[in-house]
2 protein chains.
Amino acid sequence: MATSRSDPQAPYSPKAQEIIARTNELLASGGYNGFSYADIAELVDVRKASIHHHFPAKADLVKATVALHRDATRRGLASLDAAKADPFERLVAYCRYWAECIEKSSPPICICALLAAELPAVPAEVASEVRGHFEDLHAWIASTLEQGHSTGSLRLTDDASADAAVFMASIHGAMLSARAAGDASLFWTIAKLSTERLKAA
Amino acid sequence: MATSRSDPQAPYSPKAQEIIARTNELLASGGYNGFSYADIAELVDVRKASIHHHFPAKADLVKATVALHRDATRRGLASLDAAKADPFERLVAYCRYWAECIEKSSPPICICALLAAELPAVPAEVASEVRGHFEDLHAWIASTLEQGHSTGSLRLTDDASADAAVFMASIHGAMLSARAAGDASLFWTIAKLSTERLKAA
DNA sequence: GACAACCTACCTACTGGTAGGCAGACTAAA
DNA sequence: TTTAGTCTGCCTACCAGTAGGTAGGTTGTC
């Protein structure tokens, strides 16, 4: 069994998955309007019309790509919850995961952060998926902070929701700074410090 | 004298300034590839070719727009330094300035934050201007933190540079979160908390 | 023979950009 | 004071290329 029943990639054929993988890369590079079907066609070595066969419209393709990214994130966070007992360590692991991604440039930035920046120019169906990712992530961080607060490993400055919003903003901003500086290590510098501030004194 | 000698907008004719103003709006909405000369032409009520008369290529126009934004920021920060003696108050004023901008949607986001997100897809001349803005801002925040630290109004967790990077990331991330949530007040929630954390205990 | 995957060929609309011209304001020389 | 030259701002008309998307046909596999 190559793909489990709960695998969200299951409904996609191998070629469709390849298309989505490339879309992820192109999306991370220049956002929604930064690539075309022709670009993808060249990368996956089929004609433009074949991309349309898998994903009728660009909005469909990007929505699917973002939805998969969102799902992967949810699953990743869940498995992180299962793997680490300490909420503080979960946050560190989350940051470390992104630090490695950025270091390897795969992906060099969260596509949802990028799409959030250009949200008014993005099709509604994509935008709602992006908003969903932000809500998912905020909810996870807030719940992690609450758990850490109750077990004593994390401290809260304000309520968990506000502290979670600050932490999430630091992470997304760190991605922008790292990209602007052309220095992947800057992400970790910022993320590490942001996380340490949440550690109980 | 309508424009002073040091006014960076001086070299631009009224129409060119109008074009830049509209470019700012369009840029803030959807990034570099989110608008066209035709869009601007309609907004400023001239033909496309006339935009090319003022700014031969799109990269020229966007570079000029970002350079002006960068200059305005530098001047704004300098006048803020002059107006407020307390470094902590300077940071608060900076956040409040952006909170008001976002609340009024003018601009709803820092165009440099947006362009940083899609940096690989942006022409080199624009990218270097964006990088410059990040450097300017980081330098100002770091210097403000240092001053606040020496006068005792601000505390440092790490060195001023790292703390400045965290603060800057929070601000940029807050812009993304506010846009994603469609809630301008979220920016202030995050920015306020980020600033308070820097206050000396 | 149904269906998925892919193709060629094509479409319309729009992209950034150019060529060349024209009206009006400014300047300089006759 | 006329007049020629020049500059700015804007125009129409056009270009090649690309955008997203469609119609209809071929191939290969269950």
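Atoms considered below: every heavy atom in the structure, side chains included; atoms not considered: hydrogens, waters and symmetry mates. Predicted, not measured: the structure shown is a model, and the values here were computed from it.
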Worksheet item: Do A/Q147 and A/S143 have a side chain donor and acceptor closer than 3.5 Å?
Response: yes

Worksheet item: Can you tell me how far P of D/dT8 sits from NE2 of B/H52, to the nearest Å?
Response: 19 Å

Practice prompt. Mind calculating the distance between CD1 (A/I19) and P (C/dA5) to the nearest angstrom?
Written response: 10 Å

Fill in: A/E18 CD to C/dA4 C1', straight-line distance once rounded to whole Å
16 Å

Worksheet item: Below 3.5 Å, does any donor atom in the side chain of B/K48 face an acceptor in the base of C/dG16, or the other way round?
Response: yes

Response to the item:
B/N33 atom CG is separated from D/dG20 atom P, nearest whole Å, by 11 Å

Discussion item. Checking contacts here: which listed nucleotide (C/dT18, D/dT8, C/dC7) is nearest the side-chain heavy atoms of A/S50?
Written reply: C/dC7

Worksheet item: So which one's nearest nucleotide on DNA chain C is more toward 5', A/H53 or A/A49?
Response: A/H53

Discussion item. Is there a side-chain contact between A/H54 and the phosphate of C/dC6, meaning an N or O under 4.0 Å from OP1 or OP2?
Written reply: yes

Worksheet item: For the side chain of A/Y37 and the backbone of A/A57, is there at least one donor-acceptor N/O pair under 3.5 Å apart?
Response: yes

Worksheet item: Between A/A59 and B/V46, who's closer to the 5' end of DNA chain D by nearest nucleotide?
Response: B/V46

Discussion item. Salt bridge or not between B/E25 and B/R22? Use side-chain N to carboxylate O under 4.0 Å.
Written reply: yes

Worksheet item: Do A/D86 and A/S153 have a side chain donor and acceptor closer than 3.5 Å?
Response: yes

Worksheet item: B/K58 has an atom NZ; how far is it from atom C1' of D/dT18, in whole Å?
Response: 13 Å

Discussion item. Could you check whether A/K58 makes a cation-pi contact with A/F35, meaning its NZ or CZ is under 6.0 Å from the centre of the six-membered ring and within 45° of the ring axis?
Written reply: yes

Worksheet item: Do the side chain of B/K15 and the main chain of B/V44 share a donor and acceptor less than 3.5 angstrom apart?
Response: yes

Practice prompt. Decide yes or no on salt bridge (Lys or Arg N to Asp or Glu O under 4.0 Å) for A/D60 and A/K63, but give the supporting numbers first.
Written response: CA-CA 5 Å; A/D60 298 325; A/K63 185 198 158 99; over 6 Å; no

Discussion item. Expected output is a numbered-order residue list: members of residues 34-41 of chain A with a heavy atom under 4.0 Å from any atom of DNA chain D. What is it?
Written reply: A/F35, A/S36, A/Y37, A/A38

Discussion item. Looking at D/dT8, I'd like to know if its phosphate oxygens (OP1 or OP2) sit under 4.0 Å from a side-chain N or O belonging to B/S13.
Written reply: no

Response to the item:
In whole angstroms, the gap separating C1' of C/dC7 from CD of A/E42 amounts to 17 Å

